[in-house]
2 protein chains.
Amino acid sequence: MRAKILLVEDDASLVELVTYNLEKEGFDVVRTGDGEEALTLAEEEKPDLVILDWMIANLSGIEVCRRLRRAPATANLPIVMLTARGDEADRIRGLETGADDYMTKPFSPRELVARIRAVLRRLRPALQGGALEFAGITMDTTAHRVTRDGRTVQLGPTEFRLLRHFLEHPGRVFSREQLLDAVWGRDVYVEQRTVDVHIRRLRKAVNAGPGGEELADLIRTVRSAGYSLDATPVSAQVAA
Amino acid sequence: MRAKILLVEDDASLVELVTYNLEKEGFDVVRTGDGEEALTLAEEEKPDLVILDWMIANLSGIEVCRRLRRAPATANLPIVMLTARGDEADRIRGLETGADDYMTKPFSPRELVARIRAVLRRLRPALQGGALEFAGITMDTTAHRVTRDGRTVQLGPTEFRLLRHFLEHPGRVFSREQLLDAVWGRDVYVEQRTVDVHIRRLRKAVNAGPGGEELADLIRTVRSAGYSLDATPVSAQVAA
DNA sequence: AGACGGCGTAACAAAACTGTCACCAAAGCG
DNA sequence: CGCTTTGGTGACAGTTTTGTTACGCCGTCT
């Protein structure tokens with residue numbers, strides 16, 4: 001899976017250098033030197049990660065970062081910031097604003113690529129083919145294999161993407177609408193109830209034990225809110 | 001909200017330095033230098049984040065990380081690892097095993113704090129803005145989860161919103177009318193007595209103890225005024 | 001072409017939640 | 001004290017939400 005990177009930088013020679021190296025490593029690169037445009041591109045191009053220079057035209061990097069974090073569509077888009085060496089105050093402000101990692105200039109292109117891979121591995125494990133794991137469920141995104149307690153689970157493509165989304169954000173509750181956005185795509189119109197049916201199919205597949213019996217259900221229904229992946233057993237809950 | 005951090009590190013002077021800085025920044029710190037003990041503490045102390053040195057006694061950091069990820073109770077506990085500078089192989093292995101971030105030694109304490117906040121913000125939005133807490137009651141609005149003294153409390157949608165409103169304004173008394181406005185919506189007409197019923201249901205759920213007995217009632221009835229969330233026990237209120 | 005597998009929708013069943021009531025208990029009040 | 005007002009409680013019937021199954025469509029593979 002090719003990852004798309006939005007590079008926000010206004011030093012032309014640096015843009016060339018970085019673009020060259022990223023593309024060599026198999027990333028798609030979208031570029032701009034303008035803060036306002038960066039926000040637009042982040043929405044439209046749906047990049048998997050943003051590299052953001054702190055000193056850019058038209059909007060400071062920190063402001064771009066803040067706005068990206070505030071917009072729902074980009075709220076958890078990975079951001080790597082670039083700062084001048086030793087500028088610790090900026091670095092800390094950046095992390096506090098919501099950047100996920102930083103590089104100090106000058107940097108080696110190799111290291112930049114390594115860090116980008118690390119951030120993607122951490123925040124978008126699926127992109128790097130790493131394994132996702134949660135409470136006995138394992139997903140190998142490259143091999144498209146899912147196991148529960150060691151046994152292989154058979155999933156259709158949609159159920160696979162659905163489970164992947166849950167595994168990438170364990171514990172968090174998603175509305176049907178959010179799931180449709182994330183799993184089906186922002187521009188596909190399907191009934192919200194469709195989510196229920198796929199949840200059902202996913203549960204059936206994931207909770208099937210070896211002998212045909214049911215295992216604990218790791219998908220929690222939150223009435224009038226949505227669904228979440230959740231390891232808390234019902235037995236630990238207090239009855240109403 | 002105070003976050004609790006488990007520090008797994010065996011270099012005594014580093015432990016002191018980090019502990020000092022974390023506590024100064026408002027974190028609670030639990031410490032150990034032992035891998036086995038780290039696993040126990042992670043279960044028992046329920047920390048919000050673990051700082052894990054890669055070189056520790058009794059179990060390697062990587063093994064601790066792996067086991068934390070495997071146990072349901074700690075499967076998505078944020079982990080920040082500490083590695084020696086330039087030890088890239090370890091770093092990659094760590095991230096692949098499930099660490100959420102890393103710091104290379106030596107590091108600045110300020111930056112450690114900033115990174116911890118960044119990780120918590122990303123993985124536990126609950127702790128930053130999504131989580132509400134009062135007198136043993138915890139509400140994680142992103143996970144849609146409520147606990148009392150650590151035990152999960154099961155609430156219906158209306159009770160959830162009602163409790164959230166109280167938690168957002170602890171101690172304040174709300175009339176039935178205000179509650180209808182805030183929780184039901186300004187344009188819904190329902191009987192004011194309906195509030196009583198939902199208060200009743202909320203009390204029942206929140207005050208239910210593990211064995212079926214009643215815990216202290218945290219919802220105070222203010223006669224002819226309304227209700228409030230209040231930790232003051234009745235016995236301490238009136239001097240007859 | 002025919003078989004197959006996956007997908008979205010509809011329809012019905014089951015479960016959970018909601019608002020109201022009637023009735024009881026407790027708290028003011030003269 | 002009795003009376004009045006206010007809140008607590010359990011039941012209930014309607015409604016909403018979710019679970020589950022069935023079915024037809026469509027693209028792929030053979």
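- When the P atom of C:dT18 is taken as reference, atom CD1 of B:Ile199 falls 13 Å away, rounded to whole Å.
- For D:dT6, neither phosphate oxygen OP1 nor OP2 lies less than 4.0 angstrom from any side-chain nitrogen or oxygen of B:Arg176.
- Of the side-chain N and O atoms in A:Thr221, none sit less than 4.0 angstrom from OP1 or OP2 of D:dT17.
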Report summary line: Once base and sugar-phosphate atoms are separated, protein heavy atoms under 4.0 Å mark nucleotides 19-30 of chain C, 5' to 3', with B, S and - as BBB-----BS--

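- Distance, A:Tyr227 OH to D:dG19 P: 4 Å, rounded to whole Å.
- Residues meeting the side-chain contact (heavy atoms from CB on, under 4.5 Å) test with A:Thr19, sequence neighbours left out: A:Leu7, A:Val15, A:Glu23, A:Val29, A:Arg31.
- Residues meeting the side-chain contact (heavy atoms from CB on, under 4.5 Å) test with A:Ala205, sequence neighbours left out: A:Val153, A:Leu155.
- If you measure from atom CG of A:Leu202 to atom P of D:dT20, you get 13 Å, rounded to the nearest angstrom.
- With sequence neighbours excluded, the residues satisfying side-chain contact (heavy atoms from CB on, under 4.5 Å) with A:Thr138 are A:Glu133, A:Thr147.
- Applying the side-chain contact (heavy atoms from CB on, under 4.5 Å) rule to B:Ala225 yields the partners B:Val173, B:Val222; only residues at least two apart in sequence or on another chain are considered.
- Counting to the nearest Å, the C1' atom of D:dT9 and the CG atom of B:Asn207 are 15 Å from each other.
- Among residues two or more places apart in sequence or in another chain, the side chain to side chain donor-acceptor pair (under 3.5 Å) test is passed with A:Glu25 by A:Arg117.
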